[in-house]
Amino acid sequence: MIETEEHKALRAAVAALGKRHGRDYVREDLWSEAAKLGYLGVNLPEEYGGGGGGIAELSIVLEELGAAGCPLLMMVVSPAICGTVIARFGTDAQKRAWLPALADGTRTMAFGITEPDAGSNSHRITTTARRDPDTGDWLLTGRKVFISGVDIADATLIVGRTEDSRTGRLKPCLFIVPRDAEGFTRRQIDMELQAAEKQFELVLDDVRLPADALVGDEDAGLLQLFAGLNPERIMTAAFAIGMGRYALGRAVEYARDRAVWNTPIGAHQAIAHPLAQAHIDLELARLMMQKAAHLYDAGDDVGAGEAANMAKYAAGEACVRAVDQAVHTLGGNGLTREFGLASLITASRVARIAPVSREMILNYVSHQTLGLPKSY
């Protein structure tokens, strides 16, 4: 897809911001400056202080920050998932309370869907919400795992399930749970992955919430949930593409400068061709990401679902290959702190695993796109 002049200008401006902060960035400082420049809320409605754009614009911001070595993971969660869901389905009061603050970066929101026994299968979520018949309050009970940034988020958008009074079946619903809510506790998960944003296990023990903590319609169910999951996949693709571009850039620079027997190693096809292949793979993944963002912003949720899954898959694979080849190009230097690539070996796998594994995406394409019978 050919980018508009506005998109090119946004890309250049964010790239300049990323270059100023670089690989040794301080997350809080970058978050604050990106917010002041209007980048964090570029996808949120103008009437609530946002930029009036969409996921297409927000994905550009994250990709370029990643390409500069300073990705902001909470962009995937706070403005993309939570901001989108509240903008589309929230009450007027919820929009007023959250959207301006999400846009200007003064408040952030985490997103809690994954559970210990319900990773890829959202239908097995056991976090339940029931009404207190005397007060009308909601009572939430359950557990979540691998939830990013809960310690720095003002609230977490929790996916729970309520009982349908007509059928008795459980249906997904979304609730805003403040960080300091009674009965809402967290435990940091000790990760090999070193990132500014930490991962947490959450426990909800009869967390009492007012009736207006419910986001959207209690009967909308999966529609509202997937309104947030498609942007999450698109933004994960942006995260991966940015990381892959950063690694590739370091490798290309090294291959130009590093000379052996008076010849730059980048002159050798054994070095040059794999780097060229990595560049091609990243560019192809970006095209699918742009298609997915375009479909989502145009309101085509079904088309965006297919494209977002494909974009996440392609970007995750391209990122892992780009990082691996970059480290290999630098040889021993690729494993040093000085060049900052070794840590990306672990980080690059995130896009293969989260928010949905590549195998589940292949399942989706198999039966949703190709019409093959389900294996589960």
Side-chain angles (χ1 to χ4, degrees), residues 1-3 7-8 11-12 14-16 18-19 22-23 56 59-71 233-294 307-336 338-353 358 361-362 365:
M1 297 179 71
I2 305 301
E3 288 192 330
H7 282 182
K8 290 177 182 176
R11 193 177 286 281
V14 177
K19 188 175 181 180
R23 188 80 174 101
S59 63
I60 288 173
V61 174
L62 183 56
E63 181 194 339
E64 289 303 322
L65 290 178
C70 48
R233 284 156 171 70
I234 296 167
M235 291 293 286
T236 302
F239 185 86
I241 293 165
M243 186 187 303
R245 284 178 52 200
Y246 173 79
L248 182 62
R250 295 304 302 268
V252 168
E253 182 182 15
Y254 188 88
R256 279 201 206 101
D257 297 338
R258 170 72 167 160
V260 179
W261 292 295
N262 300 318
T263 303
I265 62 172
H268 302 299
Q269 291 177 355
I271 298 292
H273 284 186
L275 294 177
Q277 182 68 54
H279 174 71
I280 291 170
D281 289 345
L282 289 167
E283 286 292 304
L284 291 173
R286 182 202 273 171
L287 276 173
M288 183 53 76
M289 179 188 75
Q290 290 172 323
K291 176 181 178 179
H294 173 76
N309 275 295
M310 291 181 178
K312 210 282 305 189
Y313 179 95
E317 298 301 298
C319 177
V320 168
R321 287 194 294 267
V323 168
D324 181 71
Q325 192 57 46
V327 171
H328 199 65
T329 299
L330 270 68
N333 282 327
L335 300 176
T336 64
E338 177 186 355
F339 286 91
L341 291 178
S343 62
L344 300 185
I345 297 172
T346 306
S348 64
R349 295 202 69 86
V350 171
R352 268 185 170 174
I353 297 168
R358 58 182 178 175
I361 290 178
L362 292 174
V365 173

Sequence neighbours left out, cut at 3.5 Å: what donor-acceptor pairs do the side chains of residues 261-269 make with other protein atoms?
unit_1: Thr263; atom_1: OG1; unit_2: Trp261; atom_2: O; d: 3.4

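Partners of Thr346 under the side chain to side chain donor-acceptor pair (under 3.5 Å) rule, at least two apart in sequence or in another chain, do not exist in this structure. With sequence neighbours excluded, the residues satisfying side-chain contact (heavy atoms from CB on, under 4.5 Å) with Thr336 are Asn333, Glu338, Phe339. With sequence neighbours excluded, the residues satisfying side-chain contact (heavy atoms from CB on, under 4.5 Å) with His7 are Glu3, Thr4, Ala56, Glu57, Ile60. Judged as a side chain to side chain donor-acceptor pair (under 3.5 Å), and not counting sequence neighbours, the contacts of Arg23 are Ser343. Residues passing the side-chain contact (heavy atoms from CB on, under 4.5 Å) test with Ala240, sequence neighbours excluded: Ala315, Cys319, Ala351. Taking the side-chain contact (heavy atoms from CB on, under 4.5 Å) definition, one finds that Ile345 meets it with Val323, Val327, Leu335, sequence neighbours left out. With sequence neighbours left out, Lys8 forms a salt bridge (charged side-chain N to carboxylate O under 4.0 Å, His left out) with Glu5. In this structure Arg358 satisfies the salt bridge (charged side-chain N to carboxylate O under 4.0 Å, His left out) test together with Glu317, sequence neighbours excluded. Under the side chain to side chain donor-acceptor pair (under 3.5 Å) criterion, Tyr246 pairs with Arg250, sequence neighbours left out.
Salt bridge status for Glu253 with Arg256: absent, with no side-chain N to carboxylate O gap under 4.0 Å.
Using a 4.5 Å cut-off on side-chain heavy atoms (C-beta onward), Lys291 and Met310 make no contact. Residues Pro71 and Met243 are not in side-chain contact: their nearest non-hydrogen atoms beyond the backbone lie 4.5 Å or more apart.
Counting only residues at least two apart or in different chains, salt bridge (Lys or Arg N to Asp or Glu O under 4.0 Å) contacts with residues 318-327 comprise Asp281-Arg321.
Here the straight-line distance linking atom CG of Leu362 with atom OH of Tyr313 works out to 4.5 Å at 0.5 Å rounding.
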